[in-house]
Amino acid sequence: MNRASVLRVGIGILGVILLAALPLLNLRIPGVLPGATYEPGTLQLLALCLLIAGLALSYHVLFGLAGLLSFGHALYFAAGLYGLAIALRHWQMSLVSAALLVFVGATLLALIVGAVSLRVSGISFAMVTLAFAQAGSVLVARNPGGLTGGEEGLGLDITNIPESFVGVVNTRNLYWISLAIAIAVFALVTWFERSRAGHVAAATRENELRVRVIGMQPYLVRLLAFVTAGSLAGIVGMAYLLVQNGAQARATSADFTLTLLVMVVLGGVGSRWGAVIGGVVYTLLDQRLTALAGGEFIQSLPAILRVPLSQPLFLLGTLFILVVLFLPGGITGTVARLRSGGSVARARATLEQAGGAESDGMEVEAR
Amino acid sequence: MSTVLLLAITGLGLGALYFLVASGLSLIYGLMGVLNFAHGAFLMFGGYAGYEVSRLIGATTWPGFAVGALAGVLTGAAIAALTELLLVRRLYERHIEQVLVTVGLALALGALASGVWGTDAIIITGPDWMSEVTVILGARVPNNRFLAIIAAVAVLAGIVLFLKFTRYGLIIRAGVENRSMVTALGIDVRKSFTLVFAVGGAAAGLGGVLASQYYTIVSPHLGPSLLIFAFIVTVIGGLGSLTGAAIASVLVAMLQQFVNYYVFGLGEFAVVLALALVLLIRPRGLMGRVAA
Amino acid sequence: MSPELILSVRNLSASIAGQQVVEDVSLDVPATGVTALLGRNGVGKTSTIKAILGLIPRRGEILLDGVGIDREPTHRIVQRGVGYVPEDREVFAGLTVAENLKLAQRGPDAHWDVVETLFPDLVQRSAQLAGTLSGGQQQMVSLARALLNPNRLLLVDEPTKGLAPKIVGEVADALVRAAELAPILLVEQNLAVVRALARDVVVVSGGRVVHTGPAAEFLDDPDLVRRHLGVHGDAPESAAAGAVPDGAHPTEAPA
């Protein structure tokens, strides 16, 4: 290990210690956090940020690493979320066995859907994943046999949940679980990225032909990335159930997958930290903008300002458009660019590459 | 027998709606390689514009409905043209970023509609004839189905004639096949991009007005749900093929209607299953070209 | 720049999908006659043509009749009077022959008479879909699209590729006629055709120009030909090579 990586690991450990200690501290960041860091409301928001960051990381494996533009990633998150809720409420399983069953279920789901969807690439792939996610969404809304609770959602059945994970007083435990899961997902994604499979996945994104030439199957590597991302999303979904105290139908919606894409692009495509930062920033913005929308200031504005400003998704969508147009590397890309003086063009190139082999109309001269 | 007929005509009506959305998606994708996520928002605003304008004139009168439909068409076309000029054009040839921008626009416009008209569905009324039924061989078919079918056939005919007999149509057909060769003949193909967006937006706007009659409501969810089925239709039909979109619209809607009626309301799942089958057997879709 | 040049390219480089395909090409095309662009497979001849037209991202200086066109989009360059016959013909398969030509017509003063005399076959087939034509017929459509307009320069990329010997002769005849109307920069593998048509040659290797000079001088030097093209004089490996267009010979017997 060289000095730089020792430094990086050191900073990482310090960061984790700081994050783990937050529930014991009295830190306030006005405008960003609703209260002091030891308060349950703040801790719950922070736990959400961590979980969404984990989810964004799993999406990064698909989009940033393997270059697969999926519009249906929320399906596996929802599978974890609803799967656990159903196993606990309707089948009265213990938390551990329910979690194992749901993990296997979400992984199998990702395997089946991935095996079919990866038959096509590029834009068709995006649409097909969207269609499968929509089927999931319809299933949840239909509420078959009263299983999912339909539009109402499904509350967490706490019968088989250890007491230390229940109730407002134990929010800090849930926060620590969320932190542990976020760190575990980060570690797993890092490991996957650095593994041989990860390198090949990145290579298929850039040059499918070259991967074929060295005798690897791009399909299998992509499927591996797809399943990895799906099972990680399932894990995050299960933790989300505990933190949010229930499952909401919104988690299955196409909008939710799209917001994942927004997060990753906002943070910076192709970088793990980009996904993490995108997830955290998005969640904080969403929460704070919602709070702001109900606030006196916005409610006192004339209708032409009040109506758009009271819709967080309108502001986030607009922000997203602006980032795509003017800050192609997202937050991390812009920071890196400011530090190294790199060009917007290079950041754009990275983003285009992340989209996979979409450079039609320009075939390489093959003669 | 009368049930089958009712399902078939209703299915055709639904297929007509799908086609109104899918035709624009397919043309835009075929010519520009842009997957337009905001297309559902064009439809939704078309529906709301139709609602507002026909309310002013009288929602239950035919002039009210006709002017409302016209407003829906113009709104769809205007928003679509602006989208192309202000957002998509800036990212020429950057397909992923173009998709991202339309995703952002879809989210923002959906939220804007929720802000203006609320998240709850608004009940739509039309001329009395629309909510009445016509009895055909014992099947009681709601009249708005016929209107959707007639409109979709008219739009299909109009687009085909436009593509076949105008200079821009010629450029668009050639551009769908080989865009760079069109520019190499000295034609600024980008001029036709705005046009294609506007035509697609107009069809979607009309689709919005008719969909709100079909479902008797207009809501912020109208766009996204129809959009997803239109995506399925374009993939099954073959990306970039107008004929494929027309055929697949009818097939998908029929499948959905019949399965919904006979197999415990599983129509949506049958459609997704059909999509999976098409991908496994024929990944480029029914009428798709070999290389996208 | 001397006035008798129609096209002057300096330090042209170009890339496709991030890969450099043209390193540093400088070449001149005289305002009359045919200039052949030669080189082995994959050295970037087609890419050079595409870069001149702006069909792929490029850098360098390109002057058309003394006016810089290196920053102009493709359609502008073509509108300045550049006709393009692409490799593999690229006719619009789903359009009829008539529609292919109508699309290509750039202004009111189109040379319909030229097209009708050179390609009487196409007039008969005007309602046929271009995709259903034979390779030779498609090449005629592609040539006709370019010759239809008044041009200052023609860029013709491998017009005889994959064609039967008889058709090669017809294409070469059409090019002789075309060269009377506008100067041509021609990419061609068939050295017999090159010998019949070209006055000058520009030889590319490794993305750079390695030889320029009169065509006959180059083709008559077996060493040069072997070194730069890897073939022997007028006997390249392709079967179509034997087909020497009739009546279009400036020189006789092979070297």
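All chains are named by letter (A, B, ...) in the order of the sequence lines, taking the proteins before the strands, and each is independently numbered beginning at 1. Basis for what follows: all heavy atoms, side chains included, without hydrogens, waters or symmetry-related copies.
Chain B is approached within less than 4.5 Å, heavy atom to heavy atom, by A/Met127, A/Val128, A/Leu130, A/Ala131, A/Phe132, A/Gln134 from residues 127-134 of chain A, ordered by number.
Of the two parts of A/Thr318, the backbone and the side chain both hold a non-hydrogen atom closer than 4.5 Å to a non-hydrogen atom of chain B. The parts of B/Leu279 that come within reach of chain A are both its backbone and its side chain, each placing non-hydrogen atoms under 4.5 angstrom from that chain. Using a 4.5 Å cut-off between heavy atoms, B/Leu273 does not touch chain A at all. Only the side chain of B/Thr234 comes within less than 4.5 Å of a heavy atom of chain A; its backbone N, CA, C and O stay farther away. Looking at B/Phe37, only its side chain comes within 4.5 Å of chain A, counting heavy atoms on both sides. For chain B, the nearby part of A/Arg142 is the side chain; its heavy atoms alone come within less than 4.5 Å. Interface remark: A/Val262 contributes side-chain atoms only to the contact with chain B (heavy atom separation under 4.5 Å). Neither the backbone nor the side chain of B/Val271 comes within contact range of chain A; no heavy atom of the residue lies under 4.5 Å from a heavy atom of that chain. Contacts between B/Ile232 and chain A at a heavy-atom distance below 4.5 Å involve the side chain alone, from C-beta outward.
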For residues 320-334 of chain A, run the donor-acceptor check on the side chains, cut-off 3.5 Å, and write out each pair with its distance to 0.1 Å, sequence neighbours left out.
from     : atom 1 : to       : atom 2 : distance (Å)
A/Thr332 : OG1    : A/Gly267 : O      : 2.7
A/Thr334 : OG1    : A/Gly330 : O      : 2.5

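For the pair B/Leu107/A/Leu316, no side-chain contact is recorded, criterion being any heavy-atom separation below 4.5 Å from C-beta on. For the pair B/Val235/A/Phe125, no side-chain contact is recorded, criterion being any heavy-atom separation below 4.5 Å from C-beta on. Residues A/Leu139 and B/Phe269 meet the side-chain proximity criterion, which asks for heavy atoms closer than 4.5 Å.
For B/Tyr261, the OH atom counts as loosely surrounded, since its 6.0 Å shell holds 12 or fewer non-hydrogen atoms of other residues, nucleotides or ligands.
Atom OG of A/Ser124 and atom CG of B/Leu275 lie 9.5 Å apart (nearest 0.5 Å).
Here B/Ile228 is the residue among B/Leu266, B/Ile228, B/Val116 with the most heavy-atom pairs under 4.5 Å with chain A.
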